[in-house]
Amino acid sequence: AKKISAREGWKSFYRGYVPNLLGIIPYAGIDLAVYETLKNSYFRKHDDDNEAPSVLLLLACGTASSTCGQVCSYPLALVRTRLQAQVLTNVPGAPELTMTSLLRHIIQTEGITGLYRGITPNFLKVAPAVSISYVVYERCRQTLGVNMT
């Protein structure tokens, strides 16, 4: 951190901040909307059961919703990561890429599919975490007696 600060300045610690903020809004919105839509669809079809959805169902809803959110926001996460890595690999005198110039560069050199490079390991990491979070959320909500209808 001291070396980066001395060489690049304090601004280098905020590289990727803008794409991170821009990416979390669609990710969270899509993730929550898809999760609630899938869960409520289940409740509408099984409203006479009066039992809580299974852990497996909650995991499936969480995985599907997380996947949808990631597909929509992953290009910004990729740009954020590359901007942050730029601090470590920046060659003195090389032009510093901005969010938009990096997006353009990726599309020009790798095509649209380049915006999704590395998404599979991201799915393997994020989908289980988000799914488990939704299961814990639902179980806590039920334990506390919070009814969200």
Side-chain angles (χ1 to χ4, degrees), residues 1 4 8 10-90 94-149:
I4 292 170
E8 302 284 333
W10 64 271
K11 283 185 175 182
S12 65
F13 293 106
Y14 293 95
R15 282 196 180 120
Y17 185 71
V18 172
N20 189 50
L21 283 178
L22 294 175
I24 194 64
I25 295 167
Y27 173 78
I30 292 166
D31 183 22
L32 289 168
V34 170
Y35 175 77
E36 287 296 328
T37 300
L38 292 173
K39 185 182 77 166
N40 290 336
S41 175
Y42 170 84
F43 281 130
R44 278 192 298 280
K45 291 179 182 173
H46 300 90
D47 61 354
D48 55 335
D49 292 352
N50 268 352
E51 67 180 59
S54 70
V55 169
L56 201 55
L57 176 78
L58 296 174
L59 287 171
C61 290
T63 299
S65 68
S66 173
T67 300
C68 291
Q70 284 183 70
V71 166
C72 294
S73 65
Y74 188 76
L76 289 167
L78 178 72
V79 167
R80 178 202 65 221
T81 302
R82 288 195 182 179
L83 285 171
Q84 290 170 340
Q86 179 178 297
V87 173
L88 302 174
T89 60
N90 198 8
E96 188 174 311
L97 294 173
T98 64
M99 181 181 78
T100 53
S101 66
L102 185 54
L103 274 170
R104 252 185 266 120
H105 175 74
I106 292 169
I107 292 169
Q108 288 171 350
T109 59
E110 303 174 45
I112 295 293
T113 56
L115 294 174
Y116 291 92
R117 187 169 309 276
I119 197 168
T120 302
N122 204 54
F123 283 148
L124 296 173
K125 172 186 73 169
V126 175
V130 171
S131 300
I132 291 167
S133 295
Y134 279 129
V135 170
V136 171
Y137 164 74
E138 290 294 336
R139 293 301 184 239
C140 288
R141 190 182 59 74
Q142 291 165 3
T143 301
L144 295 171
V146 177
N147 190 356
M148 306 266 298
T149 57

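Just so you know, these numbers use all the heavy atoms, side chains as well, and skip hydrogens, waters and symmetry mates.
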For this session: Report yes if the side chains of Tyr14 and Leu83 come closer than 4.5 Å at any heavy-atom pair, otherwise no.
Result: no

Exercise. Is a side-chain donor or acceptor of Tyr35 paired with a backbone partner of Ser66 at a separation under 3.5 angstrom?
Worked result: no

For this session: Please tell me if the side chains of Asn20 and Leu76 come closer than 4.5 Å, counting only heavy atoms from C-beta onward.
Result: no

For this session: Please list, chain by chain and in numerical order, all residues satisfying ring-ring contact (aromatic ring centres under 6.0 Å, His included) with Tyr27, sequence neighbours excluded.
Result: none

Problem set entry | Non-hydrogen atoms of Cys72 and Pro75 that approach each other most closely | O-CD, 4.2 Å

Exercise. How long is the gap from CG on Leu115 to CG on Leu78, to the nearest 0.5 Å?
Worked result: 7.0 Å

Exercise. Which atom pair, heavy atoms only, marks the closest approach of Gly62 to Ser131?
Worked result: C-OG, 3.3 Å

Problem set entry | Atom of Ile119, atom of Val71 and distance for their closest heavy-atom approach | CD1-CA, 4.3 Å

Exercise. Looking only at heavy atoms, what is the nearest atom pair of Leu38 and Ala64, with distance?
Worked result: CD1-CB, 3.7 Å

Exercise. Any side-chain heavy-atom pair from Asn40 and Phe43 closer than 4.5 angstrom?
Worked result: yes

Seminar exercise, completed: Separation between CD (Gln142) and OH (Tyr137), nearest 0.5 Å, reads 10.0 Å

Exercise. Which pair of heavy atoms, one from Pro26 and one from Gly23, lies closest together, and at what distance?
Worked result: CD-O, 3.3 Å

Problem set entry | Non-neighbouring partners of Arg117 that pass side-chain contact (heavy atoms from CB on, under 4.5 Å), sequence neighbours left out | Arg82, Glu110

For this session: To the nearest 0.5 Å, tell me how far Gln108 CD sits from Leu103 CG.
Result: 11.0 Å

Exercise. So do Leu58 and Tyr42 actually touch side chain to side chain, heavy atoms under 4.5 Å?
Worked result: no

Exercise. For the side chain of Arg141 and the backbone of Val146, is there at least one donor-acceptor N/O pair under 3.5 Å apart?
Worked result: yes

Exercise. What distance separates Lys39 NZ from Arg44 CZ, expressed to the nearest 0.5 Å?
Worked result: 11.5 Å

For this session: Might you confirm whether atom CG of Leu56 has over 12 heavy atoms from other residues, nucleotides or ligands at distances under 6.0 Å?
Result: no

For this session: Consider only side-chain N and O atoms of Asp31 and Ser65, and report whether a donor and an acceptor are under 3.5 Å apart.
Result: yes

Seminar exercise, completed: Looking only at heavy atoms, the pair that brings Gln70 and Ala127 closest together is NE2-N, 4.0 Å

For this session: Please tell me if the side chains of Cys140 and Val136 come closer than 4.5 Å, counting only heavy atoms from C-beta onward.
Result: yes

Exercise. Are any side-chain N or O atoms of Ser41 and backbone N or O atoms of Thr37, one a donor and one an acceptor, separated by less than 3.5 Å?
Worked result: no

Seminar exercise, completed: Rounding to 0.5 Å, atoms CG (Leu32) and OH (Tyr134) come to a distance of 4.0 Å

Exercise. Once you round to the nearest 0.5 Å, how far does CD1 of Ile106 lie from OG of Ser101?
Worked result: 9.5 Å

